[in-house]
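Numbered from 1 within each chain, the chains take letters A, B, ... in sequence-line order.
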Protein chains: 2
Amino acid sequence: MPTMTAAQRREQARVEYDAFLRSCPTNQLLGRLSDKWVGLAVAALSTGSLRYSDLARKLAGISPKMLTQTLRALERDGLVTRTVTPSVPVRVDYALTPLGTGLADLLKAVKRWAETHFDEVREARERYDADSDTDGTAAVPADR
Amino acid sequence: MPTMTAAQRREQARVEYDAFLRSCPTNQLLGRLSDKWVGLAVAALSTGSLRYSDLARKLAGISPKMLTQTLRALERDGLVTRTVTPSVPVRVDYALTPLGTGLADLLKAVKRWAETHFDEVREARERYDADSDTDGTAAVPADR
DNA sequence: CGGCATCCACCGTGATACTG
DNA sequence: CAGTATCACGGTGGATGCCG
């Protein structure tokens with residue numbers, strides 16, 4: 001007999017897989033893109049440098065905390081530069097680096113795909129939801 | 001004077017922006033991609049059709065619940081097909097649709113970018129972390 | 001103006017157990 | 001084999017309040 005229960009083996013597999021996923025560049029990047037605000041911030045900066053408060057206005061619903069957090073993460077990854085002008089009051093500008101521009105291009109590709117094929121996705125959803133309705137099962141509650 | 005406090009105005013902006021974001025195809029797609037397992041599942045299926053249990057094995061650490069949830073979401077969006085063969089025992093196959101293949105291609109582009117530029121990101125991170133250390137501030141605790 | 005620390009609420013995620 | 005239902009936990013994002 002094995003020295004582990006099935007649950008223990010799955011647990012171990014999970015831990016290993018998690019480690020694997022964390023070290024995978026693709027997944028790390030995906031993680032970054034999925035950070036709710038990163039995509040928006042990059043898009044906002046893709047047309048040129050912006051001040052902190054300009055960004056706060058462009059990304060209407062964001063909280064100061066998340067804006068800072070997002071920008072710090074992007075800065076750490078070398079995707080944006082942070083320029084402090086020690087005037088009174090202080091002025092901080094953010095701009096994309098060449099690397100960040102590359103990310104913006106990637107984002108544009110995603111955007112293009114999304115806009116091109118979104119009708120198909122919408123149709124598929126409606127079909128799926130309609131079928132689910134008729135057979136009485138609730139399935140997925142409309143959206144996440 | 002305004003009839004709302006600053007907090008109330010931000011709150012309203014947040015709600016409106018949320019609605020805007022939800023209706024934005026790009027963001028919806030980004031949301032999908034960010035679902036921890038979607039990328040992996042699509043990658044796994046990109047080489048051909050697989051059974052439920054095969055997927056469970058390929059995505060080592062996934063729980064049955066998340067696997068089903070992920071597959072259902074993809075099916076709803078018309079990205080994968082679900083084929084039930086009513087034998088004993090039951091057999092269920094999942095495969096990418098043409099639309100899903102398109103998504104897989106997109107994912108490959110992301111992967112390519114990630115692998116090409118990840119060194120730069122890593123360097124940037126090390127530089128950033130080193131600088132933060134020397135000036136005594138803790139800043140970002142290594143990663144998210 | 002720009003930023004950080006603290007506290008808190010929510011929900012996505014996973015474990016567990018049960019069904020056809 | 002292929003799920004579904006229920007529960008519990010932890011991380012993430014938001015609100016608030018204080019510094020430079």
Side-chain angles (χ1 to χ4, degrees), chain A residues 5-15 17-18 21-22 31-32 34-38 40-41 50-57 59-73 75 80 82-94 132 136-141 143-144, chain B residues 5-15 17-18 21 31-32 34-38 40 50-57 59-73 75 82-94 132 135-141 143-144:
Chain A
T5 67
Q8 285 173 325
R9 259 181 283 118
R10 250 238 319 287
E11 163 67 8
Q12 195 197 6
R14 225 206 76 243
V15 172
Y17 210 63
D18 271 9
L21 288 184
R22 264 195 302 278
R32 267 294 127 72
S34 68
D35 267 345
K36 192 179 170 189
W37 296 107
V38 167
L40 286 302
L50 282 177
R51 298 184 55 179
Y52 183 89
S53 44
D54 291 333
L55 280 167
R57 252 186 306 282
L59 312 180
I62 198 171
S63 60
K65 174 186 167 184
M66 286 317 294
L67 183 52
T68 300
Q69 203 175 98
T70 303
L71 291 169
R72 279 299 180 293
E75 188 196 357
V80 305
R82 177 169 176 274
T83 313
V84 182
T85 309
S87 53
V88 181
V90 195
R91 173 197 175 103
V92 184
D93 287 271
Y94 293 90
S132 302
T137 59
V140 184
D143 203 335
R144 28 122 98 263
Chain B
T5 66
Q8 286 174 325
R9 258 180 284 117
R10 251 234 321 287
E11 163 68 8
Q12 195 197 9
R14 226 206 74 241
V15 172
Y17 210 64
D18 270 10
L21 287 183
R32 265 298 128 73
S34 69
D35 268 344
K36 191 178 170 189
W37 296 105
V38 167
L40 286 301
L50 283 177
R51 299 182 56 177
Y52 183 89
S53 43
D54 291 332
L55 281 167
R57 252 186 306 280
L59 312 180
I62 197 171
S63 62
K65 176 187 164 185
M66 287 316 295
L67 182 53
T68 300
Q69 204 175 97
T70 303
L71 290 169
R72 281 296 182 294
E75 187 195 357
R82 177 171 177 273
T83 313
V84 181
T85 309
S87 53
V88 180
V90 193
R91 173 198 176 101
V92 184
D93 287 270
Y94 292 90
S132 301
D135 72 4
T137 57
V140 183
D143 203 335
R144 29 121 101 268

Visitor: I want to verify a distance call: between D/dG14, C/dG20, D/dG3, whose nearest atom is closest to the B/V92 side chain?
Guide: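 Among D/dG14, C/dG20, D/dG3, the one nearest the side chain of B/V92 is D/dG3.
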Visitor: Using only side-chain N and O atoms of B/R72, determine if any of them is under 4.0 Å from OP1 or OP2 of D/dT4.
Guide: yes
Visitor: Would you find a donor on one side and an acceptor on the other, under 3.5 Å apart, between the side chain of A/S87 and the backbone of A/P89?
Guide: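 Between the backbone of A/P89 and the side chain of A/S87 there is a qualifying donor-acceptor contact (under 3.5 Å).
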Visitor: Kindly point out which of C/dG2, D/dG13, D/dG3 is positioned nearest to the side chain of A/S53?
Guide: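 Between C/dG2, D/dG13, D/dG3, the one nearest the side chain of A/S53 would be C/dG2.
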Visitor: Please determine if a side-chain N or O atom of A/R51 lies less than 4.0 Å away from the OP1 or OP2 oxygen of C/dG2.
Guide: yes
Visitor: Examine D/dA2: is either OP1 or OP2 under 4.0 Å from a nitrogen or oxygen in the side chain of B/R82? Give yes or no.
Guide: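 Indeed not, no polar side-chain atom of B/R82 lies that close.
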Visitor: Given D/dA2, C/dG3, C/dG14, identify the nucleotide with an atom nearest to the side chain of A/Y52.
Guide: C/dG3
Visitor: Side chain of A/M66 only, please: which of C/dT13, D/dG14, D/dG3 is the nearest?
Guide: D/dG14
Visitor: Distance from B/R82 atom CZ to B/D93 atom CG, nearest 0.5 Å?
Guide: 10.5 Å
Visitor: With the side chain of B/K65 defined as its heavy atoms from C-beta on, choose the nearest nucleotide among D/dG3, C/dG3, C/dA15.
Guide: C/dA15
Visitor: Whole Å only: how far is the CG atom of A/L71 from the P atom of C/dC1?
Guide: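 Going from CG in A/L71 over to P in C/dC1 covers 17 Å.
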Visitor: Among the candidates D/dG20, D/dG14, C/dT13, find the nucleotide nearest to the side-chain atoms of A/V90.
Guide: D/dG20
Visitor: Roughly how many Å is it from CD in A/Q69 to C1' in C/dC4, rounded to a whole number?
Guide: 11 Å
Visitor: Roughly how many Å is it from CG in A/L50 to C1' in C/dG2, rounded to a whole number?
Guide: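 One finds 15 Å between C1' of C/dG2 and CG of A/L50, rounded.
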Visitor: Provide, to the nearest angstrom, the distance between the CG atom belonging to B/L40 and the P atom belonging to C/dT13.
Guide: 13 Å
Visitor: To the nearest angstrom, how far is B/I62 atom CD1 from C/dG14 atom P?
Guide: 7 Å
Visitor: Let me know the distance between CG of A/L59 and P of D/dG13, rounded to the nearest Å.
Guide: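 Computing the A/L59:CG to D/dG13:P distance gives 14 Å.
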Visitor: Among the candidates C/dA15, C/dT13, D/dG14, find the nucleotide nearest to the side-chain atoms of A/K36.
Guide: D/dG14
Visitor: Can B/T68 and B/Y52 be counted as having a side-chain donor-acceptor contact under 3.5 angstrom?
Guide: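 Side-chain D/A pair, B/T68 to B/Y52: present.
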Visitor: Measure the distance from CZ on B/R14 to C1' on C/dA9 and round it to the nearest whole Å.
Guide: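 It works out to 12 Å between those atoms.
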Visitor: Does a side-chain N or O of B/W37 approach OP1 or OP2 of C/dG14 to a distance below 4.0 Å, or not?
Guide: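 B/W37 to C/dG14 OP1/OP2: side-chain N or O found under 4.0 Å.
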Visitor: Under 4.0 Å from OP1 or OP2 of C/dG14: is there any side-chain N or O of A/Y17 that close?
Guide: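 So the side chain of A/Y17 is outside the cut-off, no N or O lying under 4.0 Å from OP1 or OP2 of C/dG14.
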Visitor: Nearest to the side chain of A/P89, which nucleotide is it out of C/dC1, D/dG3, C/dG3?
Guide: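 Of all the options, the side chain of A/P89 is nearest to C/dC1.
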Visitor: Kindly calculate the angle separating the two end axes of the helix from C/dC1-D/dG20 to C/dG20-D/dC1, each obtained from five base pairs, and round it to 10 degrees.
Guide: 40°
Visitor: Within this structure, what is the CZ-to-P distance between B/R91 and D/dA2, rounded to whole angstrom?
Guide: 8 Å
